[in-house]
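We name chains A, B, ... by the order of the sequence lines, and we start the count at 1 in each one.
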Amino acid sequence: MTIELNPQQKHAAEFEDRHALVLAGAGTGKTRTIIARAAYLIGRGVSTHRLLLLTFTRRAAKEMIRRLTQMIGEADSRIMAGTFHHFCLYTMRRMPKYFGVENATVIDRDDQVQLMKLIRGHYHKSTQQLPRAAELVNLCSYARNTNQATADYLEQHTEYDPDIMEVIVKIAQDFTHRKQLNNYLDYDDILFLFAKKLHEDPVLRDRIRGFYDHILVDEMQDTNPLQWLILDGMRDPAKLFCVGDDAQSIYAFRGADFKNVHAFKERVPDSVVLRLEENYRSTQGILDLSNWLLRQSSIPYDKELQAHRRTLSKPKLIDFDNEFDEARWIAQDLIERHETGADWKDHMIITRTGWGARAVESLMVENNIPYRFIGGVSLLQAAHVKDLLCLIRAAASHLDELAWTRYLTMWPRIGDVTATRMIEAMKPEPSIDQALDVLRARLKDRTQIIEGVKGVLDYWKEPSRIIQEAAHFLKPLMMKRYDNWDLRRHDFELLGRLAGRHRSIMAFIETYTLDPVTATVVERLEQDDVVTLTTAHSAKGTESPVCYIIRVEPGVYPYVKSMGIFEQEEEERRILYVAMTRAQDELIMTRTYQRGMLYSAAGRFGLQENNYFMEDLDDDLVDIEDAGYGPDRFSDYDVIRPWNRI
DNA sequence: GAAGCGTTATACTAT
DNA sequence: ATAACGCTTC
């Protein structure tokens, strides 16, 4: 089976002998071209294990591999495809002599924040007005990903008092140190460590450069300086084939730098820039509006998407009195479409923030519309799942202080202080067994606490059994802790099934730490025909025949917090652009004019800027409807909030 | 001194 | 839902 390509796509897919940057606008067949290139190279005799495919999410990697398999058969299973984080960790694990990270535990954002809290508490006594732990993690993470010293970053890009800056720098050092002591790797460490060794050790660099002939990179505009260092260190003789679109860059907040796109030609000698310009996804009406949005920017994107399709289908913008009317209308519209033969799965609802969709979610539940939420709280972040995983992690290593703190403090009469003391006492011990002996001496008659850990270790080789055992063991504690235990316990069945697919329990935990699965009630039932509810960020790279963008209103586009900061406001514009360009046949935007919390938040920030993106709309571009539904009925609905989604 | 309880405030995007 | 905080109990 071959793939049909237009001349530009074909030229890109079959490009030879040089590095290439492919500038591909939304819907121009970016994924198709990458797959076609992989197939072309394989057809030309390049061995599958000499190809490296770097994507933005694992979901995207899986999708590409699936489509490639359709084309060329099973041979592709040996292609290394995944995120930068995945690839780096995989490679480091396979080269223990150079990296020494075999026993490291990968920690997620929650764990980072948890650890940061411990450190912050230490400084908080003497210094007032320190940023909160989550913000401190953001600062450290951003500096790392942009490869700057924390002090430089703070001075150039923030406005903290000099004495606060000094403390933050110290905290950042402590944070790094504390991670090393615990043998933790966070997302940033994975990239940093790999990039560092790659550039420091010429022998290692030569070995890694010898691994691949072609490196294909998706979503180049969202790569950060650290990721650039990795690509730069791995090229030659390997050829880079990077695909991206500066108009879709929406991850500057975590260090993405579109210099990686703009400066490609200067940075990579003997490279060419190719373009894909014809849009196959959307109707011209949808593209006219998207083009208009970009033209309002003072940044020259130099981009006018042209539809290959003939139909116009003008986008709609519908006004409501409040978010419940908005949600009720969407639910009703979905039901009508479904009744007249449309599939649920052909509908996507795009939200700027996870909790901006709360009313929509309530109405979906109320109307029994099957849906899945992408981009929210993941299964592994739910409190009860964390409890269980921490018991398992505690059994895996007596040095994992976050896991031990959580496990120990679940028990009555053990709080932070007691737990910390016990953990300190275990630290010098060489093995988990000896550490447990130390613990036993301190716990005296409360041997149950140790039995739990032993119980897990007894079944160490059977991932799904461990989950069962741990869940059974923790049941009495959790029943006391959570009043909705009956709802929560079902997650452990799912968890057990997922774990059963992995070689080892720790491999399972690691996989889902790097690639969080969001699971809503429906997804757990593993249905296929469901409406997708997603954040604009998670929608990148996907498409849907019918797209609803909700809360397209002042304070959301641009988001209040970005107001007054040029680069951030422009990123917000691109977020809306990404959302609009997901639509294939119909684009329906909705907004509410209640002076909701977000809008009034703008006032609280003291910002009165008139910078709403959908102001001054041309009648030719959008049909605006007023669907005022009368008095609000807020109290009629149970509001689903982001945190009780699970 | 530490644990535990009730009260209050809280909010973006994510590998 | 959960963190932070102050207050009471062990």
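- Screening A:Asp189, A:Asp111, A:Asp400 against A:Tyr184 for a side chain to side chain donor-acceptor pair (under 3.5 Å) leaves a single residue, A:Asp400.
- Taking atom NZ of residue A:Lys540 and atom P of nucleotide B:dC12, one finds them 21 Å apart after rounding to whole Å.
- A:Trp228 has its CH2 atom 20 Å from the C1' atom of B:dT15, to the nearest Å.
- Residues that satisfy the salt bridge (Lys or Arg N to Asp or Glu O under 4.0 Å) test with A:Arg58, not counting sequence neighbours, are A:Asp515.
- Both thresholds, 5.5 Å between centres and 30° between ring planes, are not jointly met by A:Tyr251 relative to the base of B:dT13, so the two rings are not stacked.
- Per the geometry, CG belonging to A:Asn145 stands 15 Å off P belonging to B:dA14, to the nearest Å.
- The aromatic ring centres of A:Phe194 and A:Phe87 sit less than 6.0 Å apart.
- Atom P of nucleotide B:dT10 and atom NZ of A:Lys561 are separated by 11 Å, given to the nearest angstrom.
- For A:Asp416, the salt bridge (Lys or Arg N to Asp or Glu O under 4.0 Å) test picks out no residue, with sequence neighbours left out.
- Contact annotation: A:Arg254 side-chain N/O to B:dC12 OP1/OP2 distance is not under 4.0 Å.
- Contacts of A:Phe175 classified as ring pair (Phe, Tyr, Trp, His ring centres under 6.0 Å), with partners at least two apart in sequence or in another chain: none.
- Nearest-nucleotide positions on DNA chain B for A:His537 and A:Val417 put A:Val417 closer to the 5' end.
- The OH atom of A:Tyr142 sits 16 Å away from the C1' atom of B:dT15 (whole-angstrom rounding).
- Both geometric conditions, a ring-centre gap below 5.5 Å and a plane tilt below 30°, are not fulfilled together for A:Phe56 over the base of B:dT15.
- Taking only side-chain nitrogens and oxygens, A:Thr57 never comes nearer than 4.0 Å to OP1 or OP2 of B:dA14.
- Nucleic acid contact class of A:Arg421 (heavy atoms, under 4.0 Å, all strands): sugar-phosphate only.
- Listed nucleotides B:dA14, C:dT2, B:dC12 differ in distance to A:Asn138; the shortest reach to its side chain belongs to B:dA14.
- In this structure, A:Val552 and A:Phe613 have side chains that are not in contact, with every pair of non-hydrogen atoms separated by 4.5 Å or more.
- B:dC12 atom C1' lies 15 Å from atom CG of A:Leu576, rounded to whole Å.
- Note on A:Ala133: nothing from the nucleic acid sits closer than 4.0 angstrom, heavy atoms only.
- With sequence neighbours excluded, no residue forms a salt bridge (Lys or Arg N to Asp or Glu O under 4.0 Å) with A:Arg446.
- Following rounding to the nearest Å, A:Met563 (CE) and B:dC12 (P) show an atom-to-atom distance of 14 Å.
- Every residue was checked against the ring pair (Phe, Tyr, Trp, His ring centres under 6.0 Å) condition with A:Tyr301, not counting sequence neighbours, and none meets it.
- One atom, CD of A:Gln221, and another, P of B:dT13, lie 20 Å apart when rounded to the nearest Å.
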Sort me out a list of protein N/O and nucleotides 4-7 of chain B N/O pairs below 3.5 Å, or just none if empty.
| from | atom 1 | to | atom 2 | distance (Å) |
| --- | --- | --- | --- | --- |
| B:dG4 | OP1 | A:Arg413 | N | 2.2 |

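- Note on A:Asp188: nothing from the nucleic acid sits closer than 4.0 angstrom, heavy atoms only.
- Using a 4.0 Å cut-off, some side-chain N or O of A:Thr535 falls inside it from OP1 or OP2 of B:dA14.
- Counting only heavy atoms from C-beta on, A:Ser538 has its side chain closest to B:dA14 among B:dT13, B:dA14, B:dT15.
- When distances are taken from the side chain of A:Arg132 to each of B:dA14, C:dA4, B:dT15, the shortest belongs to C:dA4.
- Across all strands, A:Arg58 comes closer than 4.0 Å to no nucleic acid atom at all (heavy-atom distances).
- Counting only heavy atoms from C-beta on, A:Lys117 has its side chain closest to C:dA4 among B:dT13, C:dA4, C:dT2.
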